[in-house]
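Here the structure is laid out as structure tokens; the discussion comes afterwards.
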Amino acid sequence: FGQSLYKGINYYSQQVQPAEAIDPVRYISNHSSGKMGFALAQAAAEMGAKVTLVSDAVNLATPAGVKRIDVDSAQQMLDAVMQQVEQHDIFIGCAAVADYRIADIADQKIKKSAEEMQLALVRNPDILATVAQHTTRPFTVGFAAETNDVEQYARGKLQRKKLDMIAANDVSIQGLGFNADSNALQVFWQDGSQQLPATDKLTLAHQLLTLIEQQLNKS
Ligand code: C5P
């Protein structure tokens, strides 16, 4: 992945789920730990790429040599990504971005009163699809966390979001994926696929980047 293979290649990844604020003390988030994203950033840096990591301020150490941009919401992640996107040759969207955000974030802590309360949500922009639609887009790689019919859903996302590659993982398998140190991926592109069996996330990240490198060299 080094500069011997590509002239001044930059690797870019949007990695970790931004939480969505409800009020100054609460937020909506999910079980994604960000470990796969940080492993990808570390692996790419080890392979010689210049890496920008756009991440929520999670409690993971920034890998050596990686430029990190912290964000607080999907909208901020989109803004940071679109500001950077033209300077990068590869974009990996690994963040478990919230599909919805709070319509109106309260300025002050919401107090309990009635037995029931409702929060109005609005759709978040799709960062990955926005990158894929950009005119001078990088090689664009998405992730798909599925619980069933993994290939069908992953290939659907590859087409619909106009991606170059998608890495799917079955999050119904205990001990793999969300919040775990190991993962297994099924990787799909237009005319091919590859299984990457369960291993630690850093090894898997190196294997995925090797596949990306092979496909990028063909295009
Ligand atoms: O459609 P779905 O959310 O399952 O697609 C997952 C892929 O899309 C992941 O690569 C994720 O990072 C990306 N995504 C995004 N912005 C969103 C939702 C998902 O970039 N708002």
Side-chain angles (χ1 to χ4, degrees), residues 11-21 27-41 44 51-56 58 60 68-85 88 90-103 121-134 137-172 176-179 183-190 193 196 201 204-205 208-209 211-212 215:
Y11 162 98
Y12 175 75
S13 64
Q14 157 236 337
Q15 306 283 12
V16 179
Q17 87 283 10
E20 296 292 343
Y27 60 85
I28 299 176
S29 190
N30 59 62
H31 288 300
S32 174
S33 62
K35 286 176 186 167
M36 190 66 224
F38 274 64
L40 278 162
V51 183
T52 307
L53 171 65
V54 181
S55 161
D56 196 352
V58 288
L60 294 171
R68 172 165 167 179
I69 301 172
D70 281 330
V71 293
D72 280 331
S73 66
Q75 187 59 53
Q76 281 185 17
M77 180 172 270
L78 177 69
D79 294 344
V81 164
M82 295 319 286
Q83 215 180 36
Q84 299 278 327
V85 82
H88 294 76
I90 299 169
F91 174 82
I92 303 180
C94 185
V97 185
D99 292 322
Y100 292 87
R101 67 175 180 277
I102 298 291
L121 303 175
V122 291
R123 275 289 289 269
N124 264 333
D126 190 309
I127 301 166
L128 182 62
T130 309
V131 170
Q133 281 159 18
H134 197 65
R137 69 179 213 156
F139 187 92
T140 305
V141 183
F143 268 71
E146 306 292 349
T147 55
N148 56 291
D149 300 313
V150 174
E151 170 155 13
Q152 193 191 329
Y153 284 123
R155 284 216 174 269
K157 271 173 208 177
L158 183 76
Q159 304 302 345
R160 203 170 54 250
K161 300 199 188 193
K162 299 187 170 43
L163 309 177
D164 296 299
M165 187 179 272
I166 191 152
N169 58 327
D170 188 336
V171 287
S172 69
L176 293 183
F178 278 163
N179 233 331
N183 203 2
L185 293 174
Q186 291 184 57
V187 187
F188 303 97
W189 55 95
Q190 199 60 45
S193 69
L196 301 177
K201 288 183 175 173
L204 203 60
L208 178 60
L209 290 165
L211 281 180
I212 293 172
Q215 292 308 310

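Note that these values count all heavy atoms, side chains included, but never hydrogens, waters or copies made by symmetry. Atoms within each ligand, like the ligands themselves, are counted from 1 in listed order.
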Where's the contact between Ala145 and ligand 1, heavy-atom distance under 4.0 Å: side chain, backbone, both or neither? neither
Could you tell me whether Gly93 and ligand 1 have an N or O pair separated by under 3.5 Å? yes
Do any N/O atoms on Val97 end up under 3.5 angstrom from N/O atoms on ligand 1? no
Min over Cys94, Ala132, Ala95 of heavy-atom distance to atom 12 (O) of ligand 1 lands on Ala95
Report yes if some heavy atom in the side chain of Asp70 is under 4.5 Å from a heavy atom in the side chain of Asp56; otherwise report no. no
Taking 4.0 angstrom as the limit and counting only heavy atoms of Gly142, give me the atoms of ligand 1 inside it, by number and element. 10 (O)
Okay, side chain of Arg101, backbone of Arg123: is any donor-acceptor separation there less than 3.5 Å? yes
Is any side-chain heavy atom of Ile69 closer than 4.5 Å to one of Met77? no
Hey, is the main chain of Asp72 close enough, under 3.5 Å, to the side chain of Gln76 for a donor-acceptor pair? yes
Is Pro125 in contact with ligand 1, taking contact as a heavy-atom separation below 4.0 Å? yes
Only distances under 3.5 Å count here; give the side-chain donor-acceptor pairs of residues 157-164 to other protein atoms, sequence neighbours excluded, each with its distance to 0.1 Å.
unit_1: Lys157; atom_1: NZ; unit_2: Glu146; atom_2: OE2; d: 2.8
unit_1: Lys161; atom_1: NZ; unit_2: Asp126; atom_2: OD2; d: 2.6
unit_1: Asp164; atom_1: OD1; unit_2: Arg137; atom_2: NH2; d: 2.9
unit_1: Asp164; atom_1: OD2; unit_2: Arg137; atom_2: NH2; d: 3.0
unit_1: Asp164; atom_1: OD2; unit_2: Thr140; atom_2: N; d: 2.7

Please check if the side chain of Asn169 supplies one atom and the backbone of Val171 the other of a donor-acceptor pair under 3.5 Å. no
Of Val81, Ile127, Leu163, which has the heavy atom at the shortest distance from atom 16 (N) of ligand 1? Ile127
Nearest heavy atom to atom 2 (P) of ligand 1 wins, so pick from Lys161, Met77, Arg101, Arg160. Lys161
